[in-house]
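Single-structure report; data block below.
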Amino acid sequence: MLYDPGIRIEEREDVYSPGDDSILLIESLEIRDGERVLEIGCGSGVVAIHCAKNGADVTAVDINAAAVELTRKNAAANGAYMDVRLSDLYEDIDSHYDTIVFNLPYLPVNDTGTLEKAWSGGDDGIGPLPKLLNEVEGHLFPRGRFVIVTSSLMDQQRLDEVLDGYDVTVIGERKLFFELLKVLEIRL
Ligand SMILES: C[S@@+](CC[C@H](N)C(=O)[O-])C[C@H]1O[C@@H](n2cnc3c(N)ncnc32)[C@H](O)[C@@H]1O
């Protein structure tokens with residue numbers, strides 16, 4: 001499939017295929033030349049490739065080995081250079097970034113398979129968001145940002161609690177038939 005201006009993505013059934021959330025994220029995410037970007041949960045690689053093609057120095061990780069393999073393949077096919085690794089959140093990351101981007105698993109369901117981790121955010125749909133924010137020490141430059149996708153299907157009260165105290169800006173929004181997606185830029 002063809003996404004963004006000129007990004008061709010090969011898909012496979014054991015990796016999350018780009019959806020409305022991925023496209024909204026790409027459309028909302030402005031990248032500066034030379035910016036250091038960490039994408040957590042790269043899936044097919046579409047977001048990481050968008051960042052690399054816009055001049056970012058990209059590291060992309062996923063907890064699913066098939067996604068790591070597919071991102072490497074799609075990056076090479078699109079002439080995008082990046083470091084792609086298997087990692088559970090920051091587990092195998094030892095560097096600092098300007099932007100940490102994660103199109104989180106956000107559906108309020110408790111599916112536990114490798115592919116299901118792409119969308120399963122647990123009972124409240126909040127998934128790994130608290131860990132992403134709490135364990136950032138040593139990975140985000142002082143003026144850096146997180147960019148995440150949220151959904152109206154998440155428990156909104158719990159989401160407000162998790163984001164309390166952060167500087168949050170909505171940088172993208174899309175109403176779908178059954179949910180409202182938002183792209184949030186979060187600063188410490
Ligand atoms: C909704 S998909 C997004 C894929 C891709 N970034 C996109 O926008 O199309 C979420 C991805 O996060 C990965 N993931 C889930 N939990 C993770 C974790 N703890 N650490 C790293 N990756 C994770 C999943 O395997 C999946 O590829």
Side-chain angles (χ1 to χ4, degrees), residues 1-4 7-29 31 37-54 56 58-75 78 80 82-95 97 99-136 139 146-154 162 171-172 174 176 179 181-184:
M1 294 280 289
L2 198 59
Y3 300 95
D4 199 34
I7 299 180
R8 189 165 292 281
I9 291 294
E10 184 182 311
E11 300 175 21
R12 52 186 270 185
E13 61 185 20
D14 49 357
V15 176
Y16 185 84
S17 290
D20 291 314
D21 47 355
S22 326
I23 306 302
L24 176 64
L25 178 53
I26 287 173
E27 288 172 357
S28 311
L29 186 56
I31 295 295
V37 173
L38 169 64
E39 187 189 11
I40 299 183
C42 52
S44 66
V46 67
V47 177
I49 293 169
H50 161 79
C51 295
K53 285 181 86 85
N54 283 281
V58 179
T59 299
V61 304
D62 205 290
I63 200 169
N64 176 358
V68 170
E69 200 178 293
L70 186 61
T71 292
R72 285 190 180 132
K73 191 171 181 188
N74 280 326
N78 285 279
M82 63 182 74
D83 178 8
V84 190
R85 301 185 203 170
L86 188 67
S87 180
D88 178 355
L89 294 179
Y90 306 111
E91 211 167 85
D92 284 276
I93 296 298
D94 53 10
S95 200
Y97 297 88
T99 296
I100 297 177
V101 55
F102 193 0
N103 181 8
L104 301 156
Y106 58 66
L107 288 185
V109 292
N110 251 318
D111 301 336
T112 51
T114 305
L115 176 60
E116 288 75 8
K117 282 191 186 133
W119 58 76
S120 175
D123 288 338
D124 55 12
I126 301 296
L129 179 58
K131 248 183 130 179
L132 180 82
L133 298 174
N134 294 338
E135 297 182 7
V136 70
H139 300 303
F146 294 98
V147 179
I148 63 164
V149 181
T150 63
S151 161
S152 53
L153 299 176
M154 293 166 133
V162 170
I171 59 169
R174 180 154 307 151
L176 302 179
E179 65 180 328
L181 296 178
K182 288 184 185 174
V183 180
L184 306 185

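What you see below is based on every heavy atom in this structure, not just the backbone, and it leaves out hydrogens, waters and symmetry mates. All of these numbers come straight from a predicted model, not from anything done at the bench. Read the numbers this way: they start at 1 and go in the same order the structure lists the ligands and their atoms.
Using a 4.5 Å heavy-atom threshold, the side chains of F102 and L38 count as separate. Here the side chains of V183 and L29 are not in contact, with every heavy-atom distance at 4.5 Å or above.
Closest to atom 12 (O) of ligand 1 among all protein heavy atoms lies G41 CA, 3.2 Å. In terms of protein heavy atoms, atom 25 (O) of ligand 1 is closest to D62 OD1, 2.6 Å. From the protein, the heavy atom lying nearest to atom 1 (C) of ligand 1 is A118 O, 3.1 Å.
Distances between N or O atoms of Y16 and those of ligand 1 include no value under 3.5 Å. In terms of N/O distances under 3.5 Å, ligand 1 is approached by D88. Residue S17 has no N or O atom closer than 3.5 Å to an N or O atom of ligand 1. Taking any N or O of N64, backbone or side chain, none lies under 3.5 Å from an N or O belonging to ligand 1.
Residues I126 and V162 approach most closely at CG2-CG2, 4.2 Å, considering heavy atoms.
Within the listing of ligand 1, atoms 18 (C), 19 (N), 20 (N), 21 (C) sit less than 4.0 angstrom from a heavy atom of L89. Of all the atoms in ligand 1, the ones that sit under 4.0 Å from a non-hydrogen atom of P105 are 15 (C). Heavy-atom contacts of S87 reach the following atoms of ligand 1: 20 (N), 21 (C) (cutoff under 4.0 Å). For ligand 1, the atoms lying closer than 4.0 Å to a non-hydrogen atom of K117 are 15 (C). Taking every heavy atom of C42 and a limit of under 4.0 angstrom, the matching atoms of ligand 1 come to 5 (C), 6 (N). The contact set between ligand 1 and S22, taken as ligand atoms under 4.0 Å from a residue heavy atom, comprises 7 (C), 8 (O), 9 (O). Of all atoms in ligand 1, listed by their number and element, those nearer than 4.0 Å to a heavy atom of I40 are 21 (C). Counting the atoms of ligand 1 from 1 in the order shown, those under 4.0 Å from a heavy atom of E39 are 6 (N).
Looking at I63 against ligand 1, both its backbone and its side chain come within 4.0 Å, counting heavy atoms. By the criterion of a heavy-atom distance under 4.0 Å, neither the backbone nor the side chain of L115 is placed next to ligand 1. With a 4.0 Å heavy-atom cut-off, ligand 1 is reached by the side chain of F102 but not by its N, CA, C or O.
Not a single donor-acceptor pair under 3.5 Å links the side chain of Y16 to the backbone N or O of C42. The backbone N or O of L70 sits nowhere less than 3.5 Å from a side-chain atom of R12 that would complete a donor-acceptor pair. Remark: the backbone N or O of S151 is not paired with any side-chain donor or acceptor of E179 at under 3.5 angstrom. N74 contributes a side-chain N or O that, together with a main-chain N or O of E10, makes up a donor-acceptor pair within less than 3.5 Å. Formation of a donor-acceptor pair under 3.5 Å by the N78 side chain with backbone atoms of R8 is found in this model.
Within 6.0 Å of NZ in K53 there are more than 12 heavy atoms belonging to other residues, nucleotides or ligands.
Residue pairs meeting the salt bridge (Lys or Arg N to Asp or Glu O under 4.0 Å) criterion with at least one partner in residues 111-120, sequence neighbours excluded, are absent.
To the nearest 0.5 Å, atom CD1 of residue I63 and atom OG of residue S87 are 8.5 Å apart.
In this structure N64 satisfies the side chain to side chain donor-acceptor pair (under 3.5 Å) test with no other residue, sequence neighbours excluded.
If you check each of T71, N103, I23 against atom 10 (C) of ligand 1, the one with the closest non-hydrogen atom is N103.
In this structure, L25 has no heavy atom closer than 4.0 Å to ligand 1.
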